[in-house]
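Heavy atoms only: backbone and side chains are in, while hydrogens, waters and symmetry mates are out.
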Amino acid sequence: MPKRDYYEILDVANSASEAEIKKAFRRLAMKYHPDRNPDDSEAEHRFKEAKEAFEVLSNSDKRAAYDQFGHAGVDQSAGGGFSGGGFGDAFSDIFGDIFGGGRSRVRKGADLQYNLELSLEDAVAGTTVKIRVPTLKHCTTCSGSGAKPGTTPDTCNTCGGHGQVRMQQGFFSVQQTCPTCRGTGTTISDPCKTCNGAGRVKEHKSLSVEVPAGVDSGDRIRLAHEGEAGESGAPAGDLYVQIHVKPHPIFERDNANLYCEVPINIVTAALGGEIEVPSLGGRLNLKIPSGTQTHKLFRMRGKGVKPVRGGPIGDLICRIVVETPVKLNAEQRSLLEKLGESMGKATRKHGPNENSWLDNMKQFFEDMKP
């Protein structure tokens with residue numbers, strides 16, 4: 001398919017000045033830039049076509065070759081590659097004008113953070129959560145330009161569209177943000193009535209957040225381009241969803257492992273037995289050997305959490321707490337008294353920790369003697 005005439009693409013005369021060519025490309029770039037026309041193949045084609053035309057016509061040598069020989073005169077250099085002839089600087093100026101960032105600077109919108117609270121169950125299993133976020137979005141009336149539909153922003157007369165001005169102070173030259181356009185490079189004489197020339201409007205948007213399995217407090221999920229819209233149509237920032245896992249009434253999490261306290265009575269602790277313990281996957285049976293003491297840990301492998309960044313599944317660790325019975329009736333009190341009598345002076349051999357504790361106490365008092 002033959003290429004279109006470059007002057008026709010930019011809609012300028014063959015005698016157009018460099019400033020007119022730049023202004024024409026800026027207008028087309030603002031209209032067809034991919035950031036403003038996502039998933040629009042026609043707009044993408046028009047944008048690339050305009051870039052190719054501007055690359056040639058903004059360079060005096062290439063333009064002279066094109067005027068004399070047509071596309072044949074620039075085929076080797078006009079194929080869309082942005083190199084040579086000072087085009088990089090000119091192109092940066094154009095995009096500074098479009099996106100309001102000053103010379104060769106694109107100022108995207110601010111990043112946002114949303115704090116998301118999850119239950120431990122949802123954090124471990126993964127879930128989809130709908131959130132509502134306050135933000136600034138591009139004004140649909142003016143497509144983010146801030147100018148009334150049918151008009152375009154004017155090049156700032158103070159900085160010439162660069163967004164920066166150079167101030168001479170004695171021997172020193174200082175560059176600073178243009179006070180007239182505040183760095184955008186443009187001014188708006190006829191503002192959009194919907195956004196009052198800001199190019200952005202406040203609104204809430206609803207989003208679905210895919211929370212992967214295994215996330216933990218402190219993890220962040222990045223949603224690209226879901227932050228605030230940039231000024232003058234610049235790309236939006238990102239939204240970061242900060243994860244906070246709520247405390248659980250049974251489990252404590254330590255990376256991939258889960259911990260839970262399991263209270264047992266003195267009979268089970270002394271004689272042993274089998275009890276039910278909870279896990280995030282359901283009930284499990286745990287065998288308690290005879291003579292189990294408080295703070296004894298039992299590890300149930302593979303019953304913890306699969307880390308979000310990969311690796312083996314953690315364990316469920318049960319911490320035993322032997323409970324002293326309370327509110328005893330007469331019969332129960334009598335049985336315990338008989339138990340104590342039967343153990344008699346041999347009590348120390350039934351208490352594995354009591355022997356060492358009594359020996360340490362005896363040594364402590366011996367050391368205190370003068």
Could you walk me through whether Val209 and Thr128 satisfy the side-chain contact (heavy atoms from CB on, under 4.5 Å) test, starting with their C-alpha distance in whole Å, then the side-chain angles of each, then the deciding distance to 0.1 Å, before giving a yes or no? CA-CA 6 Å; Val209 182; Thr128 300; over 6 Å; no
So Leu118 and Thr127, side-chain contact (heavy atoms from CB on, under 4.5 Å) or not? Walk me through it. CA-CA 9 Å; Leu118 294 173; Thr127 187; 4.3 Å; yes
Worked check of side-chain contact (heavy atoms from CB on, under 4.5 Å) between Lys137 and Thr135: CA-CA 6 Å; Lys137 292 190 68 176; Thr135 186; 3.9 Å; yes
For Cys181 and Thr186, run side-chain contact (heavy atoms from CB on, under 4.5 Å): C-alpha distance rounded to whole Å, both residues' side-chain angles, the deciding distance at 0.1 Å, then the answer. CA-CA 6 Å; Cys181 66; Thr186 60; 5.9 Å; no
Step by step, work out the salt bridge (Lys or Arg N to Asp or Glu O under 4.0 Å) result for Arg46 and Glu42. CA-CA 6 Å; Arg46 291 291 186 90; Glu42 176 63 20; 3.2 Å; yes
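A side-chain donor-acceptor contact under 3.5 Å links Thr294 to the backbone of Val322. Although no hydrogens or angles enter the test, the distance criterion places a donor-acceptor pair under 3.5 Å between the side chain of Asp315 and the main chain of Gly302. Listed for the Arg222 side chain is no donor-acceptor partner under 3.5 Å among the backbone atoms of Ala224. Looking only at distances, no side-chain donor or acceptor of Ser279 sits under 3.5 Å from a matching main-chain atom of Lys303. The backbone N or O of Asn329 sits less than 3.5 Å from a side-chain atom of Gln332, completing a donor-acceptor pair. A donor-acceptor contact shorter than 3.5 Å is absent between the side chain of Asp154 and the backbone of Ile188. Side-chain N or O atoms of Glu52 include none that pairs as donor or acceptor with a backbone N or O of Glu49 at under 3.5 Å. Judged by distance alone, the side chain of His162 and the main-chain N or O of Gln164 form no donor-acceptor pair under 3.5 Å.
Side-chain contact between Pro278 and Ile250 is present, with heavy atoms from C-beta onward closer than 4.5 Å. With contacts defined as side-chain heavy-atom distances shorter than 4.5 Å, the pair Leu136/Val201 does not qualify. Using a 4.5 Å heavy-atom threshold, the side chains of Leu286 and Leu284 count as separate. Inter-residue side-chain proximity for Asp219 and Arg309 is flagged as met; some heavy-atom pair is nearer than 4.5 Å. Within the 4.5 Å cutoff, the side chain of Val165 has heavy atoms near those of the Cys159 side chain. The side-chain heavy atoms of Asn257 and Leu316, taken from C-beta on, include no pair separated by under 4.5 Å. Residues Glu228 and Arg200 meet the side-chain proximity criterion, which asks for heavy atoms closer than 4.5 Å. No side-chain heavy atom of Asp238 sits under 4.5 Å from any side-chain heavy atom of Leu223.
Side chains of Asn115 and Gln113: a donor on one and an acceptor on the other come within 3.5 Å. One side chain, Lys130 or Ser208, offers a donor N or O that lies under 3.5 Å from an acceptor on the other. Under 3.5 Å, the side chains of Arg26 and Thr155 contain a donor-acceptor pair of N or O atoms.
Closest approach of Cys142 to Gly199, counting heavy atoms only: SG-CA, 4.2 Å. The nearest pair of heavy atoms linking Leu280 to Glu121 is CD2-CG, 4.1 Å. Taking each heavy atom of Ala256 and Pro307 in turn, the nearest pair found is CB-CG, 3.9 Å. Nearest approach of Met30 to Pro153, heavy atoms of both residues: CE-CD, 3.9 Å. Across all non-hydrogen atoms, the minimal contact from Arg63 to Ser15 is NH2-C, 4.0 Å. What you find for Leu28 and Ile9 is that their closest heavy atoms are CD1-O, 3.3 Å.
Distance check: Glu274 CD to Thr268 OG1 gives 11.5 Å after rounding to the nearest 0.5 Å. Here His225 contributes atom NE2 and Asp111 contributes atom CG; the two are 11.0 Å apart, rounded to the nearest 0.5 Å. Atoms CZ and CG, from Arg220 and Leu239 in turn, are 10.5 Å apart once rounded to the nearest 0.5 Å. In this structure, the separation between NE2 on His248 and OG on Ser119 is 7.5 Å, given to the nearest 0.5 Å. Atom OG of Ser17 is separated from atom NZ of Lys23 by 10.0 Å, given to the nearest 0.5 angstrom. Between the NE2 atom in His33 and the OG atom in Ser143 there is a gap of 14.0 Å [rounded to 0.5 Å].
Each of Val321 and Phe251 belongs to its own hydrophobic cluster when Ile, Leu, Val, Met, Phe, Trp and Tyr are linked at side-chain heavy-atom distances under 4.5 angstrom. In this structure, Val129 is a member of the same hydrophobic cluster as Leu120, with clusters built from ILVMFWY side-chain heavy atoms closer than 4.5 Å. Under the 4.5 Å side-chain heavy-atom criterion for Ile, Leu, Val, Met, Phe, Trp and Tyr, Leu328 and Ile266 are members of the same hydrophobic cluster. Connection of Phe298 to Val262 is established within a shared hydrophobic cluster, with ILVMFWY side chains joined at heavy-atom distances below 4.5 Å, either directly or through further cluster members. Hydrophobic clustering, with ILVMFWY side chains joined whenever heavy atoms are under 4.5 angstrom apart, groups Ile320 together with Met300.
Taking the charged nitrogens against the carboxylate oxygens, Lys205 and Glu226 do have a contact shorter than 4.0 Å, which makes a salt bridge. With salt bridges taken as basic N to acidic carboxylate O contacts below 4.0 Å, one links Glu44 and Lys48.
Taking a 4.5 Å side-chain heavy-atom cut-off between Ile, Leu, Val, Met, Phe, Trp and Tyr, the cluster of Ile317 extends to Tyr259, Leu297.
Counting heavy atoms of neighbouring residues, nucleotides and ligands inside a 6.0 Å radius, atom CG of Asp40 exceeds 12 of them. Atom NE2 of His204 is surrounded by more than 12 heavy atoms from other residues, nucleotides or ligands within 6.0 Å.
Note on ring orientation: taking the six-membered ring where Trp is involved, the planes of Phe54 and Phe25 are parallel (angle under 30°, cut-offs 30° and 60°).
Applying the ring-ring contact (aromatic ring centres under 6.0 Å, His included) test to Tyr7 and every residue at least two apart in sequence or in another chain returns nothing.
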